[in-house]
Participant: 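Take a look at the following structure, please.
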Amino acid sequence: MALKTILHLSDLPNLDHVPEIYSTCFSKGLDLNRASSFRIPKFMVIGHRGHGMNILQSSDSRMKAIKENSILSFNSAAKFPLDFIEFDVQVTKDDCPVIFHDDFILTEENGTIFEKKVTELCLAEFLCYGPQKETGKEGKCLYRKTKDGKFVKWNVETDDSLCTLQDAFQKVEPSLGFNIELKFDDFAVYQQDHLLHVLQVILQVVFEFARDRPIIFSTFQPDAAQLVRKLQNNYPVYFLTEGGASIYYDVRRNSLGEAMKVCLEGGLQGIVSEIKGVFKDPGAVPKIKDSNLSLLTYGKLNNVPEAVHMQYLMGIDGVIVDFVEEISQTVDDMIKPAKEMTTEGKGESEANSKLQFSQKELSFLLKLIPELIQF
């Protein structure tokens, strides 16, 4: 485990005064003192919340196959040729990093739905929801709220217990990388001392249990993104953005251009954008790449093979997907021909040149799937 330096909050008046408190010891030998030093070696496929997110009202059984953000989901994803899995980490009120996407846990008591904020629960309270590890013990029933405001039971074909970040490190296939999304309330205003405390709690677990596992941090919270970069130089940090699909009070969240500024100002390694934002503004891709930033995407359209192929051609570095089996096979089929072209003597430069398109050519490609640029 890397040595941790004790910090006093009074010594941290602003982000510029936050020192890197963990030594550089990333097992893959990355030196992240400069953002430009980080490169993704190939087109990556990342399993969304493990084997895929749950959409309980979906008619597609794949969206309800395995409980998202669970050990079972993570290890099920590991059976396919994925590079990473992505999951959401929050910290309970007794300082335990747990894996759960929603800000609130919903349950039913005496016919009434109650909601409790995850960060206001202690670990024991959090773990009492859903299936229990202890034989014969029954957990509280979990619900979810749909976009139209309805409450539905969180029923999936194969359920599993809630888990902690430490559980994931200890129980998930060790070769599988973790894309750890640092989860914060989209509409809350956070003081720096609170962000600092939460991030230190998470980093303590990461540095104790990560060993040789590849790690990427990501977050929609711009201050948290820059702060976690300041706190450690071992692992890449990506800023998450919807690319303009939603508008927030914090303008840093509202476009790919603003996301680039956050990354360049904070020395971050890349952007993770909702794919619709990229398809709506394909000209942003070369600007991001010219800034020595990596670009990953997420969103439902990443479950469409044609959309993933288009991103590969555009030079995007990887995709976060729900349909891990189908998309990992699609990517394997895409990359094999490029490798064969290089090995047959046509040259790497020629193979790479086929990934370059003019704005006019990109616009034509995007018109092949019109719905991709509609918000």
Participant: Going by an N to O cut-off under 4.0 Å, is there a salt bridge joining K300 and D322?
Facilitator: no
Participant: Mind listing the closest non-hydrogen atom pair of S273 and L295 along with its distance?
Facilitator: CB-CD1, 4.4 Å
Participant: Determine whether the side chains of D95 and H197 contain a donor N or O and an acceptor N or O closer than 3.5 Å.
Facilitator: yes
Participant: Regarding R211 and the six-membered ring of F169, is the cationic atom NZ or CZ under 6.0 Å from the ring centre and inside 45° of its axis?
Facilitator: no
Participant: May I ask you to decide whether D186 forms a salt bridge with R253, counting only side-chain N to carboxylate O separations under 4.0 Å?
Facilitator: yes
Participant: Quick check: closest heavy atoms across L264 and S291, and the distance to 0.1 Å?
Facilitator: CD2-O, 3.8 Å
Participant: To the nearest 0.5 Å, how far apart are CG in L296 and CD1 in I320?
Facilitator: 6.0 Å
Participant: Keeping to residues at least two apart or across chains, list the ring pair (Phe, Tyr, Trp, His ring centres under 6.0 Å) pairs with something in residues 239-259.
Facilitator: none
Participant: Near N110 CG, under 6.0 Å, is it more than 12 heavy atoms from other residues, nucleotides or ligands?
Facilitator: no
Participant: Among the clusters formed by ILVMFWY side chains lying less than 4.5 Å apart, do Y235 and V89 turn up in the same one?
Facilitator: yes
Participant: Does a side-chain heavy-atom distance below 4.5 Å link I55 with K64?
Facilitator: no
Participant: How close do Y298 and E274 get, heavy atom to heavy atom, and via which atoms?
Facilitator: CE2-N, 3.1 Å
Participant: Between K67 and D160, is there a side-chain N and carboxylate O pair less than 4.0 Å apart?
Facilitator: no
Participant: Under 6.0 Å between the ring centres of F43 and Y312?
Facilitator: yes
Participant: Are F84 and F178, when compared by the centres of their aromatic rings, separated by less than 6.0 Å?
Facilitator: no
Participant: Considering all heavy atoms of both residues, which atom of Y238 and which atom of P236 are nearest to each other, and what is their separation?
Facilitator: CE1-CB, 4.0 Å
Participant: Closer than 4.0 angstrom, basic N to acidic O: yes or no for E326 and R62?
Facilitator: yes
Participant: With side chains defined as the heavy atoms from C-beta onward, is the minimum distance between I85 and N179 less than 4.5 Å?
Facilitator: no
Participant: Between L82 and S328, what is the shortest heavy-atom contact and its length?
Facilitator: CD2-CB, 4.2 Å
Participant: Applying side chain to side chain donor-acceptor pair (under 3.5 Å) between D317 and each of K289, K42, Q311, report the one that passes.
Facilitator: K289
Participant: Taking only Lys NZ, Arg NE, NH1 and NH2, and the carboxylate oxygens of Asp or Glu, determine whether R144 and E68 approach each other closer than 4.0 Å.
Facilitator: yes
Participant: Please test K93 against T119 for side-chain contact (heavy atoms from CB on, under 4.5 Å), starting from the C-alpha separation and ending with a verdict.
Facilitator: CA-CA 6 Å; K93 71 176 183 180; T119 55; over 6 Å; no
Participant: For salt bridge (Lys or Arg N to Asp or Glu O under 4.0 Å), just list the numbers for K133 and D167, CA-CA rounded to whole Å, side-chain angles, deciding distance to a tenth of an Å, and then say yes or no.
Facilitator: CA-CA 13 Å; K133 298 176 183 177; D167 288 334; 3.5 Å; yes
Participant: Does the side chain of T164 come under 3.5 Å of the side chain of Q166 through a donor N or O and an acceptor N or O?
Facilitator: no
Participant: For Q226 and L268, which heavy atoms make the closest approach, and how far apart are they?
Facilitator: CA-CD2, 4.2 Å
Participant: May I ask you to decide whether K287 forms a salt bridge with D281, counting only side-chain N to carboxylate O separations under 4.0 Å?
Facilitator: no
Participant: Going through the distances and angles, do D103 and K183 end up as a salt bridge (Lys or Arg N to Asp or Glu O under 4.0 Å)?
Facilitator: CA-CA 8 Å; D103 294 327; K183 186 78 174 177; 5.1 Å; no
Participant: Output all residues satisfying salt bridge (Lys or Arg N to Asp or Glu O under 4.0 Å) with K261, sequence neighbours left out; order by chain, then residue number.
Facilitator: E258
Participant: Are the aromatic ring centres of F220 and F184 under 6.0 angstrom apart?
Facilitator: no
Participant: Distance-only, no hydrogens or angles: does the S73 side chain make a donor-acceptor pair with backbone N or O of R49 under 3.5 Å?
Facilitator: yes
Participant: Are more than 12 heavy atoms from other residues, nucleotides or ligands located less than 6.0 Å from atom CD of E138?
Facilitator: no
